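Notes follow the structure.
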Amino acid sequence: MLTTIEIVILMMGFVAICLSFFVGNKEKNDKMPQMQISEETTEQLKKEMDLYLDEKKEQTISETEGYLNRKSNEKIMEFDEFSSQILEKISHNHEEVVFMYQMLSEKEEQLKKHFSKGAEKKPNQAAKIMPKEDSSRKESEKSDEKIQKQEKKIREEKDLNAQMLALYEQGKSVLEISKLLHVGQGEVKLIISLYGK
């Protein structure tokens with residue numbers, strides 16, 4: 001066991017060591033020379049900082065331009081895909097309309113021939129021609145039905161755009177919307193970018 005004297009000596013040693021740290025640090029701080037920066041050095045540092053900032057600015061501008069170019073290319077590709085789909089639909093509708101117009105003009109010519117022959121023939125034969133007029137009515141009704149179907153299809157496409165936007169506002173992703181509505185992702189992206197908020 002340690003005696004009281006030994007404990008006192010140890011305590012004094014510990015205090016002396018602690019005091020040496022404080023006294024030593026104070027003397028070192030007093031001995032360190034104060035650094036002063038000259039005006040030439042300050043100007044040189046400013047120039048270097050300006051050069052560094054200019055390089056960073058140019059780098060940021062080029063990165064931003066690259067990002068914007070990629071985004072504009074994506075939008076152009078989406079628009080191209082969507083426009084090709086629309087053009088296909090338009091050409092298909094145009095072909096149907098031309099076909100119906102040709103069919104109607106052929107039927108008109110047939111009716112004119114039949115009526116001119118019917119006027120020359122006996123009245124009871126003209127009565128036999130009349131049922132053919134009913135068939136032309138049926139064909140015109142069929143063409144009216146086709147036109148109504150096309151109008152309905154156009155309304156459905158407008159509704160489809162509204163559905164895309166509603167699903168997007170509900171937080172659905174482009175892929176989810178595409179799967180739900182059975183349309184291409186490019187079309188969904190384009191509709192969202194055109195009509196979305």
Side-chain angles (χ1 to χ4, degrees), residues 25 28-29 31-108 139-197:
N25 284 340
K28 285 182 184 177
N29 287 339
K31 290 180 183 177
M32 286 184 70
Q34 294 289 332
M35 289 184 62
Q36 293 184 356
I37 299 174
S38 66
E39 288 183 21
E40 293 173 4
T41 310
T42 307
E43 290 297 321
Q44 185 179 1
L45 286 173
K46 284 182 181 178
K47 287 178 183 177
E48 289 177 9
M49 192 62 104
D50 288 341
L51 287 173
Y52 176 77
L53 290 175
D54 286 341
E55 288 174 8
K56 282 294 182 184
K57 180 177 71 173
E58 292 297 324
Q59 181 182 0
T60 305
I61 289 171
S62 65
E63 288 174 359
T64 305
E65 286 176 350
Y67 174 77
L68 291 175
N69 285 337
R70 283 193 305 274
K71 279 296 181 184
S72 63
N73 286 339
E74 287 175 10
K75 295 296 178 188
I76 289 170
M77 295 297 287
E78 291 170 7
F79 186 75
D80 183 50
E81 182 182 338
F82 181 69
S83 63
S84 64
Q85 291 174 356
I86 296 297
L87 287 174
E88 286 175 14
K89 290 177 184 178
I90 290 172
S91 65
H92 178 70
N93 290 343
H94 176 71
E95 289 171 4
E96 285 181 359
V97 169
V98 168
F99 174 73
M100 288 176 13
Y101 180 75
Q102 289 173 349
M103 185 177 70
L104 288 173
S105 61
E106 288 173 5
K107 293 299 176 183
E108 181 183 12
E139 289 176 8
S140 67
E141 288 174 0
K142 286 181 183 178
S143 65
D144 288 342
E145 287 177 13
K146 277 191 174 182
I147 292 171
Q148 288 174 351
K149 285 181 182 178
Q150 288 175 350
E151 290 174 351
K152 183 180 178 183
K153 190 175 182 180
I154 291 170
R155 283 193 298 267
E156 287 174 355
E157 287 176 4
K158 288 181 182 177
D159 292 341
L160 183 65
N161 292 350
Q163 288 175 352
M164 285 184 215
L165 293 172
L167 289 171
Y168 181 72
E169 289 174 359
Q170 291 174 5
K172 300 283 187 192
S173 70
V174 171
L175 181 61
E176 291 172 330
I177 295 170
S178 174
K179 286 180 180 178
L180 284 172
L181 300 177
H182 305 290
V183 293
Q185 291 182 25
E187 184 176 350
V188 174
K189 288 179 184 176
L190 183 65
I191 294 299
I192 290 171
S193 65
L194 289 176
Y195 300 111
K197 293 179 182 176

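Fair warning: this is a prediction, and the values are worked out from it, not measured in the lab.
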Applying side-chain contact (heavy atoms from CB on, under 4.5 Å) to K149 and not counting sequence neighbours gives none
Is the backbone N or O of [Y] less than 3.5 Å from a side-chain atom of [X], with the two atoms forming a donor-acceptor pair by type?
X    : Y    : value
N69  : E65  : yes
E176 : S173 : yes
S72  : L68  : yes

Check whether any side-chain heavy atom of [X] sits under 4.5 Å from a side-chain heavy atom of [Y], and report yes or no.
X    : Y    : result
E187 : E81  : no
K57  : I61  : yes
Q163 : I177 : no
L181 : M164 : yes

Quiz question: by atom type and distance under 3.5 Å, do the side chains of E55 and Q59 form a donor-acceptor pair?
no
Any donor-acceptor N or O pair under 3.5 Å, side chains E88, H92:
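There is no such pair between these side chains.
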Does a sphere of radius 6.0 Å around [atom1] in [X] hold more than 12 heavy atoms from other residues, nucleotides or ligands, not counting ones at 6.0 Å or beyond?
X   : atom1 : result
E40 : CD    : no
M77 : CE    : no
E63 : CD    : yes

Partner of V183 under side chain to side chain contact (heavy atoms under 4.5 Å, CB included), chosen from V188, I191, N161
V188
[X] and [Y]: which non-hydrogen atoms are nearest, and at how many Å?
X    : Y    : result
E78  : S193 : OE1-OG, 4.4 Å
Y168 : I192 : CD1-CD1, 3.4 Å
G184 : S178 : C-OG, 3.9 Å

